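Just below is one structure, and these are the notes that go with it.
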Amino acid sequence: MRVAIGSDHAGFALKEKIRNLLLELGHEIRDFGTHSAEISVDYPDYGFMVGESVASGQWERGILACGSGIGMSIVANKIPGVYCALAADPSAARLSRLHNDSNVLALGGRTLEEKTAFEIVKVWLETPFDGGRHVSRLKKIQSYESQSGTAHYRANDNPLIILDHPLIQHKVGIIRDRNTSVKEFRELVQEIAGLMVYEITRALSLEEVEVETPISRTKALTLSGKKLAIVPILRAGLGMVEGIIRLIPNAKVGHIGLYRDPETLMPVEYYCKLPGDIEDRDIFILDPMLATGGSSAAAIDLIKKRGGRKITLVCLIAAPEGVALVHRCHPEVQIFTAALDSRLNDHGYIVPGLGDAGDRLFGTK
Ligand code: PRP
Ligand code: URA
């Protein structure tokens, strides 16, 4: 089974044990963090990420741990399509599968013995949904979700897509290296952005046209008059523009100027110029770094205020905190990233990250 796991600092030790158990049992896992018990983090950031990855169908099940499991279960159950069970013993876990078809399990890292937690996890993964009379009850929950307009939340779209192509990963490894020169850094950022184009444009629609080859007439496919806009967040987003424009040369380019106040880490706007018909365009916001998420969330706000609707965020390195903030403020915006790192440090820098992307691109340090 494909299982997403996550915890805060209080659930970290239990999450690590469960991670090993799942691997031993032959499950495929994705660990959304956190990655340390020492650094205090906010459980909603991890609960939303794991829950959304299950609701979107990217992962089949999710397991969350915090101190008592209660916070995580509250967070996960806010997400339409998530049915999260807070289980303190194996029989509750079993019933949550038989009767409720639970797809996320919340556990108390500070309240459960390891042995009990393992039994809970095993029974929860092994037990099928019983169907029968329980189906109509679940339908009532789903009907409530659809009445409140939140059902099938991004059912066909993964909210976060990590582009793990080997070439992208190889190049990301080089830009992380502190010894990489400004010239090489700049070239690689363009190349990675170019490689990402293939996936970020996957949903564009095609139409048939007739062409005459040197041999005969035939039908061929062409992009169906899609209007695209690329919007880099200044400065560092500029580093990705050329790599993308090379492949989609007719896209219009807008610019949003934001910098992070070093004290508050809040974004400060200083420039915004977008194509006049932004409301008709598929918009790709570019920023290599999604750290606290403040800059990206503010850029999305600015674009929405000017009428933009179809927005995708493209970054190179994301932190869980930034992904969670963007998804909370703008749940319909899909995020593409080349890497999802562990966390932010006390200065709001991504760990391990690559340092200050703007300084490394423009040699300003
Ligand atoms: C960097 C980066 C992002 C922002 C990410 O820009 O390019 O725009 O920080 O951080 P956040 O997710 O916490 O908002 P910076 O503010 O350093 O400006 P610069 O690109 O002009 O150097
Ligand atoms: N901005 C950057 O350029 N790097 C980080 O790690 C965080 C914000």
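Remember, it's 1-based here, ligands and their atoms both numbered in the order they're listed. Being a predicted model, the structure only gives us computed values, none of them experimental.
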If you measure every N or O of G358 against every N or O of ligand 1, does any of those distances drop under 3.5 Å? no

Mark up the atoms of ligand 1 that fall under 4.0 Å of a heavy atom belonging to Y259, in ascending order. 16 (O)

Salt-bridge present (D359, R235; N to O < 4.0 Å): yes

Of all the heavy atoms in G348, does at least one lie under 4.0 Å from an atom in ligand 2? yes

Heavy-atom nearest neighbour of atom 4 (N) of ligand 2 within options A291, A357, G355, G353: G355

Using distance alone, determine whether D359 and ligand 1 share an N or O pair under 3.5 Å. no

What is the nearest protein non-hydrogen atom to atom 6 (O) of ligand 2, stated with its residue, atom name and distance? I350 N, 2.8 Å

Which of the ligand 1 atoms, numbered from 1, are nearer than 4.0 Å to a heavy atom of A236: 7 (O), 20 (O)

Are D277 and K227 close enough for a salt bridge, meaning some N to O gap below 4.0 Å? yes

Nearest non-hydrogen protein atom to atom 5 (C) of ligand 1, with distance, is M289 O, 3.4 Å

Where is the nearest protein heavy atom to atom 5 (C) of ligand 2: which residue, which atom, and how far? Y349 CD2, 3.3 Å

Before signing off on this row, confirm whether T292 and ligand 1 have an N or O atom pair separated by under 3.5 Å. yes

With atoms numbered from 1 as shown, which atoms in ligand 1 lie under 4.0 angstrom from a non-hydrogen atom of G293? 11 (P), 12 (O), 13 (O)

Protein contact of atom 14 (O) of ligand 1 - nearest heavy atom, named by residue and atom, plus distance: S295 OG, 2.5 Å

Checking a contact table here: which protein heavy atom is nearest atom 16 (O) of ligand 1, and how many Å away? R260 N, 2.7 Å

Would you find more than 12 non-hydrogen atoms of other residues, nucleotides or ligands less than 6.0 Å from M1 atom CE? yes

Using 4.0 Å as the upper bound for N to carboxylate O, is an ion pair formed by R202 and E199? yes

For ligand 1, is any non-hydrogen atom under 4.0 Å from D287's backbone (N, CA, C, O), its side chain (CB onward), both, or neither? side chain

What do we get for A291 next to ligand 1 when only non-hydrogen atoms under 4.0 Å count, side chain, backbone, both or neither? both

Do the rings of H99 and H134 sit parallel, tilted or perpendicular, given the 30° and 60° boundaries? parallel

Atom 17 (O) of ligand 1 sits nearest the protein heavy atom D356 OD2, 3.9 Å

Ligand 2 contact by R260, heavy-atom criterion under 4.0 angstrom: yes

